[in-house]
Amino acid sequence: MSLFLYDWNYLSQTYKGVGWLSRLFGDFLEQFFLLPVIGPLTVALLLTAIGAVTYKICRRFAGKWPSLAVAAAMFLWSFMRETGNLYVTRYTIVVLCYLSLVLLALQFKQIWAKPVAAVVLVAAGIWALGAPVHKNYGKAWSVPKFEYDRLIGLDDEVSREHWDKVLKLSEKDLHTVEASYCYNLAQAMKGELGNTLFDHSQGEAYDLLLRVVGGQSTFDNCLAGEAWYQLGSMNIAEQSAITALQTSPNHTGVRYIKRLANVALATGEDAAAQKYLNILSKTLFYSKWAKEMLPENRSDEANAELNEVSANLAVTDFVHLSDRPRAILLGLLEANPDNRLARNYLLCYDLMRYDLDQFMEDYTPDRIDANIYHEAALIWLSQKDMMTERAAAEYGIDLAMVKKMSSFFRFPERYRNTYWYYYMKALNASAQ
């Protein structure tokens, strides 16, 4: 959600007015949160400095142990208030700097000089740092949200396309829409979605492909674009990035701008791509990538990757129709029948809507095959009173799968990761 450009015009226009220094320093530090060690270390050092300065101040008026107790309480408060959904680096910096100003004022020897220095320093602090209490700094107290922390980890690995790490984080079966979405995307990218869909908790069909809507969080809107980009629906991937930019706290975000650059590159919109790449070229961690993606610098390997993405683009594009995923997936398959990712998503979407007739229209065993597709086909054959060995063989289903289905009806709890179990739960829920 942050952006820091090494550009004088950007710096002079962005960081001016009251609180300019805390905003500048906060945004500068937050660019390092991209790194796995430097980010946590930076936060730890800031919080430790708050405790250390508090201790120094208290030692002016109290003994060692009372001072340590106050410093520990200040550290704990500073830590706990930042354990919500959004860590605000600027507020930690503001608290640290105001405490440092108080300590500086206490250094004066003359009694009359201390209040005068305090007034001058606080006035300078308000100008450079902003008021120490402000609604933009969030709650005064919070509690850790470990499940949300895991989701942040999933989202981070998805953005880096580290699919094995996404699956490892998903080993703890998080019962949230976002966790299911990340798990499904990772399995789809590894070509295993049809075999492993119900190895993780699943909710409704929209858990498979998140919608992009103005009323939901920046986190969800950004996450929604990841699958659509991989599928080849650049319109919705672009909409996802733009919506995330609009709803982020400062309407910025280097990740969203990079996605917009990717979309423009894939669709051949060179002028738009140039604009986004110029912005990214002034950042610390994306400048090399941005310069390498310029047409005159682009390698053969990069061109091949762009061509691979472009091959999946829809012939007919949709505007603001992320709530009609089936139509979009069919459009992608019309453009490229070999788009296995789109075909897997289409079939799984049919199944999660319990629409077996639609599923059987879309299912072509010669193009794609997987365990849950066999399981769904067996249910449909049974419903249509067409359950024969010959009919099952036409859909690539062997006799062992038929026997497994017979066993399911006797011991359903043994087959919790099958489509039969998912379908049975839906039937029971609708009957109640």
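Because the structure is a prediction, the values reported are computed rather than measured. Residue numbers start at 1 and run along the sequence shown.
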- With side chain to side chain contact (heavy atoms under 4.5 Å, CB included) as the test, would you mind laying out the steps for Leu197 and Asn184 before giving the verdict? CA-CA 7 Å; Leu197 182 65; Asn184 292 336; 3.5 Å; yes

- Task: Give the C-alpha distance, both sets of side-chain angles, the deciding distance and a yes or no for side chain to side chain contact (heavy atoms under 4.5 Å, CB included) between His374 and Asp369.
- Result: CA-CA 8 Å; His374 291 170; Asp369 221 0; 2.7 Å; yes

- Going through the distances and angles, do Thr196 and Tyr183 end up as a side chain to side chain contact (heavy atoms under 4.5 Å, CB included)? CA-CA 10 Å; Thr196 60; Tyr183 169 85; 3.4 Å; yes

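Taking the six-membered ring wherever Trp is involved, the centroid distance between the rings of Phe359 and Tyr363 falls below 6.0 Å. For Tyr421 and Tyr415, the distance between ring centers is not under 6.0 angstrom. Within the 6.0 Å centre-distance limit, the rings of Phe32 and Phe28 are counted as a close aromatic pair. A ring-centre distance under 6.0 Å is not found for Tyr419 and Tyr373.
Ion pair Arg343/Asp338 not flagged as a salt bridge, since none of the NZ, NE, NH1 or NH2 atoms sits closer than 4.0 Å to an Asp/Glu carboxylate oxygen. Classification of Asp350 and Arg326 as a salt-bridged pair holds, one side-chain N sitting under 4.0 Å from a carboxylate O.
Taking every heavy atom of both residues into account, Ser180 and Gln202 meet most closely at CB-OE1, 3.9 Å. Considering all non-hydrogen atoms of both residues, Ala273 and Ala264 come closest at N-CB, 3.5 Å. In terms of heavy atoms, Leu231 sits closest to Asn312 at O-CB, 3.7 Å.
More than 12 non-hydrogen atoms from other residues, nucleotides or ligands lie less than 6.0 angstrom from CD of Gln107. Other residues, nucleotides and ligands contribute at most 12 non-hydrogen atoms within 6.0 Å of the CZ atom of Phe79. Around atom CD of Glu308, no more than 12 heavy atoms belonging to other residues, nucleotides or ligands sit under 6.0 Å away. Residue-environment remark: CD (Glu413) exceeds the threshold of 12 foreign heavy atoms within 6.0 Å. By the neighbour-count criterion of 12 heavy atoms within 6.0 Å, atom CG of Asp300 is sparsely surrounded, having that number or fewer from other residues, nucleotides or ligands.
Under 3.5 Å, the side chains of Glu30 and Thr89 contain a donor-acceptor pair of N or O atoms.
Listed by chain and number, the residues in a salt bridge (Lys or Arg N to Asp or Glu O under 4.0 Å) with Asp7 are Lys282 (sequence neighbours excluded). For Arg255, the salt bridge (Lys or Arg N to Asp or Glu O under 4.0 Å) criterion is met by Asp155, Glu226, not counting sequence neighbours.
Partner of Phe198 under the ring pair (Phe, Tyr, Trp, His ring centres under 6.0 Å) criterion, out of Trp420, Tyr422, Tyr423: Tyr422 alone.
Here salt bridge (Lys or Arg N to Asp or Glu O under 4.0 Å) pairs that include residues 158-170, with residues two or more places apart or in two chains, are Asp156-Arg160, Asp164-Lys190.
Ring pair Trp77/Tyr91 is perpendicular by interplanar angle, where above 60° counts as perpendicular and below 30° as parallel.
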